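See below for the structure under consideration.
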Amino acid sequence: MKINAGEIRVGMLLEYKNDLWQVLKTQHVKPGKGGAFAQVEMKSLEKNTKLNERFRSSETVEKASLEETKFNYLYEDENNYFFMEPKTFEQIEIKKNIVGEKGKLLTENLEVTVSFYNENPISIELPNQVKCKIDTTDVALKGQTVSSSYKPATLDNGLSIQVPPFIESEDEIIVDTRNIEYIKKV
């Protein structure tokens with residue numbers, strides 16, 4: 001699908017120079033002399049390289065058409081995560097480097113959205129909030145100021161996050177999957 005250069009937004013996937021690029025930054029520039037243009041910073045999903053490109057406002061670029069499907073998480077091995085489509089029971093595997101750090105937040109039967117490009121999985125989206133259990137945390141110091149004094153904690157899945165002082169080991173908390181931050185105690 002062709003879109004105008006002015007419509008490029010952060011997070012979009014573009015087909016450009018025979019590759020698939022994710023938009024990291026975009027800035028609309030209108031110089032005093034000459035036409036307006038969009039300055040776009042992109043990252044290649046295949047080669048993991050970055051590219052800074054300038055598109056004139058009159059130019060069009062090809063937006064990648066993605067197919068999104070809901071899957072349930074099953075299990076993992078050394079290299080892959082395994083998912084099942086709930087309606088057809090079809091199983092797929094996705095390499096750990098595609099999922100990244102968010103893979104540690106996966107729990108059995110968690111429903112995720114997998115984005116496919118040309119029938120290849122390129123990214124997964126977790127629900128915005130997941131429940132986790134605190135494995136270990138430091139003891140809160142008495143007399144510490146009340147204003148936003150967070151302490152480090154390790155979750156049962158190995159991730160390290162910052163939590164408020166009243167959180168203890170074995171507590172269950174809600175974690176935001178977009179930025180891996182504490183939201184609230186359960």
Side-chain angles (χ1 to χ4, degrees), residues 1-27 38-53 55 59-133 135 154-161 172-183:
M1 178 175 104
K2 293 257 188 223
I3 61 167
N4 222 329
E7 298 172 23
I8 297 173
R9 300 285 176 259
V10 174
M12 272 187 181
L13 291 170
L14 304 176
E15 292 177 32
Y16 185 69
K17 292 186 178 177
N18 296 328
D19 206 349
L20 192 63
W21 300 87
Q22 181 173 23
V23 177
L24 301 175
K25 290 182 191 168
T26 180
Q27 181 181 13
Q39 184 73 35
V40 180
E41 184 179 316
M42 305 181 286
K43 178 180 161 197
S44 169
L45 293 179
E46 300 287 319
K47 303 180 194 101
N48 219 12
T49 56
K50 283 189 178 176
L51 174 70
N52 261 316
E53 200 66 46
F55 297 105
E59 283 183 81
T60 59
V61 288
E62 188 69 32
K63 183 180 175 191
S65 56
L66 299 178
E67 188 180 313
E68 292 186 340
T69 312
K70 298 247 187 244
F71 281 88
N72 288 355
Y73 172 69
L74 294 175
Y75 63 95
E76 67 176 293
D77 65 11
E78 303 87 55
N79 306 316
N80 301 305
Y81 291 107
F82 293 85
F83 299 88
M84 180 182 70
E85 210 271 305
K87 293 182 186 95
T88 63
F89 302 109
E90 170 196 348
Q91 289 188 21
I92 62 164
E93 57 187 67
I94 300 177
K95 297 215 174 297
K96 285 192 173 179
N97 62 355
I98 292 173
V99 178
E101 189 78 354
K102 291 181 180 178
K104 292 182 177 176
L105 293 170
L106 290 170
T107 54
E108 198 173 317
N109 282 329
L110 182 70
E111 187 175 74
V112 299
T113 304
V114 180
S115 298
F116 291 92
Y117 176 72
N118 289 347
E119 305 200 5
N120 293 325
I122 57 164
S123 70
I124 75 159
E125 200 174 299
L126 279 68
N128 290 343
Q129 299 178 353
V130 293
K131 192 187 292 187
C132 295
K133 195 172 190 177
D135 192 27
T154 306
L155 300 175
D156 56 0
N157 54 24
L159 283 175
S160 295
I161 67 167
E172 286 196 338
I173 62 168
I174 302 288
V175 175
D176 188 329
T177 60
R178 294 165 292 193
N179 49 18
I180 308 179
E181 288 181 352
Y182 166 87
I183 294 178

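Keep in mind the model is a prediction, meaning the values are calculated, not measured. The figures here come from the full heavy-atom set of this structure, side chains too, leaving out hydrogens, waters and symmetry mates.
Heavy-atom contacts from other residues, nucleotides or ligands closer than 6.0 Å to NZ of K96 number more than 12.
The closest donor-acceptor contact from the side chain of N118 to the backbone of N120 lies at 3.5 Å or more, if one exists at all.
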Contacts table for residues 59-72: side-chain donor-acceptor under 3.5 angstrom, sequence neighbours left out:
unit_1: E59; atom_1: OE2; unit_2: R56; atom_2: N; d: 2.7
unit_1: E62; atom_1: OE2; unit_2: M1; atom_2: N; d: 2.4
unit_1: K70; atom_1: NZ; unit_2: T113; atom_2: OG1; d: 3.2

Counting only pairs under 3.5 Å, give me each side-chain donor-acceptor contact of residues 3-12, with atom names and distances, residues two or more places apart or in other chains.
unit_1: R9; atom_1: NH1; unit_2: G6; atom_2: O; d: 3.2

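Sorted by first and then second residue, the side chain to side chain donor-acceptor pair (under 3.5 Å) pairs involving residues 80-92 (not counting sequence neighbours) are N80-E93, E85-T88.
Between I180 and L105, the closest side-chain pair of non-hydrogen atoms falls below 4.5 Å. By the 4.5 Å heavy-atom criterion applied to side chains, L13 and I122 are counted as neighbours.
With rounding to the nearest 0.5 Å, the separation of CD in E108 from CD in E76 is 12.0 Å. Atom CD1 of I124 sits about 10.0 Å away from atom CD1 of I98, to the nearest 0.5 Å. Interatomic distance, Q27 CD to E41 CD, rounded to the nearest 0.5 Å: 11.0 Å. Here the straight-line distance linking atom OG of S44 with atom NZ of K17 works out to 11.5 Å at 0.5 Å rounding. Within the model, atoms OG1 of T177 and CD of Q129 stand 8.5 Å from one another, a figure rounded to the nearest 0.5 Å. Between I161 atom CD1 and E181 atom CD the span is 8.5 Å, to the nearest 0.5 Å.
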Please assess V175 against L159 for the test side-chain contact (heavy atoms from CB on, under 4.5 Å), listing each intermediate value before the final yes or no. CA-CA 11 Å; V175 175; L159 283 175; over 6 Å; no
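Summarising the geometry of Y73 relative to T107, their closest heavy-atom pair is CD2-O, 3.2 Å, with the distance given to 0.1 Å.
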